[in-house]
Engineer: 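Let me begin by handing over the structure; questions about it come next.
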2 protein chains.
Amino acid sequence: METLNAIEALGALSQETRLEAFRTLVRHEPEGLPAGEIARHLSVPQNTMSTHLAILVNAGLAVSRREGRSVVYRARLATMEGLVSYLLKDCCQGQACLPTIETTKGQCR
Amino acid sequence: METLNAIEALGALSQETRLEAFRTLVRHEPEGLPAGEIARHLSVPQNTMSTHLAILVNAGLAVSRREGRSVVYRARLATMEGLVSYLLKDCCQGQACLPTIETTKGQCR
DNA sequence: TCGATATATCGAGAATTATGGAAACATTAA
DNA sequence: TTAATGTTTCCATAATTCTCGATATATCGA
């Protein structure tokens, strides 16, 4: 991942509503969730949510597909993987790598 | 790491000057670098840099110590580790864990 | 003490982002 | 068609963030 993509992803995730939306999408993998349900779930007006979802999509952290009247969003975990990899490798020059893997790998599924 | 701390760290890193400053600090571990040198290095006015450094410190991503007339900043890799761990475990429910570790661990030092 | 150097804080303008009402668009069912 | 439903886009306002000149603070050496 390039620095500019990383900045965009970091910016997308650094907002409470969007971070919660992303987490919600992760919990609903792999089926995804319609925009309206995400909005209801987070108690946010649907047009506001729509704007936030567009930002997540733009950052590569989500994708959408139309399904009838609904637009179903899914998390894109590959981008999160790329972001984390960027933070550990390029940003930290591998210096945060080993301890992070050590403290994290027990929680993997 | 709590969600609110994560949002603060994400926000701190989602700005070009600050991300570059952090990367610069990582490259200068473990000695650290005086504020003025960071500013010069990134061609940013010293007061602007000072503001950005304060934001990094506030997010726990840097620490400072006075050394004579200078204030020397160091990266706090533990916070980065915590952030990455949060992203992989809590945010992604461990779903991004294994692939990320797989693609990253070869680059660790 | 004073002057020089290094950094932080203040304050204000510019730029960006967040928010949500209203309207437009898309899809379905009748 | 038309009405109902789900979503996005448009637009304006509010809030936040960025930037940097001017000034204040801290430290040092003379």
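Here is how names work: the chains are called A, B, and so on, in the same order as the sequence lines, proteins then strands, and each is numbered from 1.
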Engineer: Does D/dT19 have OP1 or OP2 under 4.0 Å away from a side-chain N or O of B/Q46?
Structural biologist: no
Engineer: Between B/R27 and B/E29, is there a salt bridge with N-O shorter than 4.0 Å?
Structural biologist: no
Engineer: Is the number of heavy atoms from other residues, nucleotides or ligands within 6.0 Å of CD (B/E2) greater than 12?
Structural biologist: no
Engineer: Given A/R40 and A/E37, is the salt bridge (Lys or Arg N to Asp or Glu O under 4.0 Å) satisfied, shown in steps?
Structural biologist: CA-CA 5 Å; A/R40 226 167 301 125; A/E37 281 195 48; 5.3 Å; no
Engineer: Please determine if a side-chain N or O atom of B/S50 lies less than 4.0 Å away from the OP1 or OP2 oxygen of C/dA8.
Structural biologist: yes
Engineer: If the threshold is 4.0 Å, N to carboxylate O, is there a salt bridge linking B/R18 and B/E20?
Structural biologist: no
Engineer: Calculate the interatomic distance between B/L56 atom CG and C/dA8 atom P; express it in whole Å.
Structural biologist: 12 Å
Engineer: For A/R40, answer base if it contacts any base atom (sugar-phosphate contacts may also be present), sugar-phosphate if it contacts only those atoms, and nothing otherwise; contact means non-hydrogen atoms under 4.0 Å.
Structural biologist: nothing
Engineer: Could you tell me whether the phosphate oxygens of D/dG6, OP1 or OP2, come under 4.0 Å of any side-chain nitrogen or oxygen in A/Y73?
Structural biologist: no
Engineer: From the set C/dA18, D/dT27, D/dT8, return the single nucleotide nearest to any side-chain atom of B/R66.
Structural biologist: D/dT27
Engineer: Specify the separation, in whole Å, of atom CG of A/N58 and atom C1' of D/dT8.
Structural biologist: 14 Å
Engineer: Using a 4.0 Å heavy-atom cut-off across all strands, classify B/S70 as base, sugar-phosphate, or nothing.
Structural biologist: sugar-phosphate
Engineer: Among the candidates C/dT5, D/dA26, D/dG6, find the nucleotide nearest to the side-chain atoms of B/R69.
Structural biologist: C/dT5
Engineer: Could you please name the option among C/dT9, C/dT7, D/dT8 that lies closest to any side-chain atom of B/P34?
Structural biologist: C/dT7
Engineer: Within the structure provided, determine whether B/R65 and B/V71 are in side-chain contact (heavy-atom separation under 4.5 Å).
Structural biologist: no
Engineer: Would you kindly give the CG-to-C1' distance between B/L42 and D/dC18, to the nearest whole Å?
Structural biologist: 16 Å
Engineer: What is the distance from CE of B/M49 to P of D/dT19, rounded to the nearest Å?
Structural biologist: 10 Å
Engineer: Quick one: A/Q15 CD to C/dT16 P, roughly how many Å, whole number?
Structural biologist: 18 Å
Engineer: Look at the side-chain N and O atoms of A/R18 and state whether any lies under 4.0 Å from the OP1 or OP2 oxygen of C/dA18.
Structural biologist: yes
Engineer: Taking only side-chain nitrogens and oxygens of B/H52, does any of them come within less than 4.0 Å of OP1 or OP2 of D/dT17?
Structural biologist: no
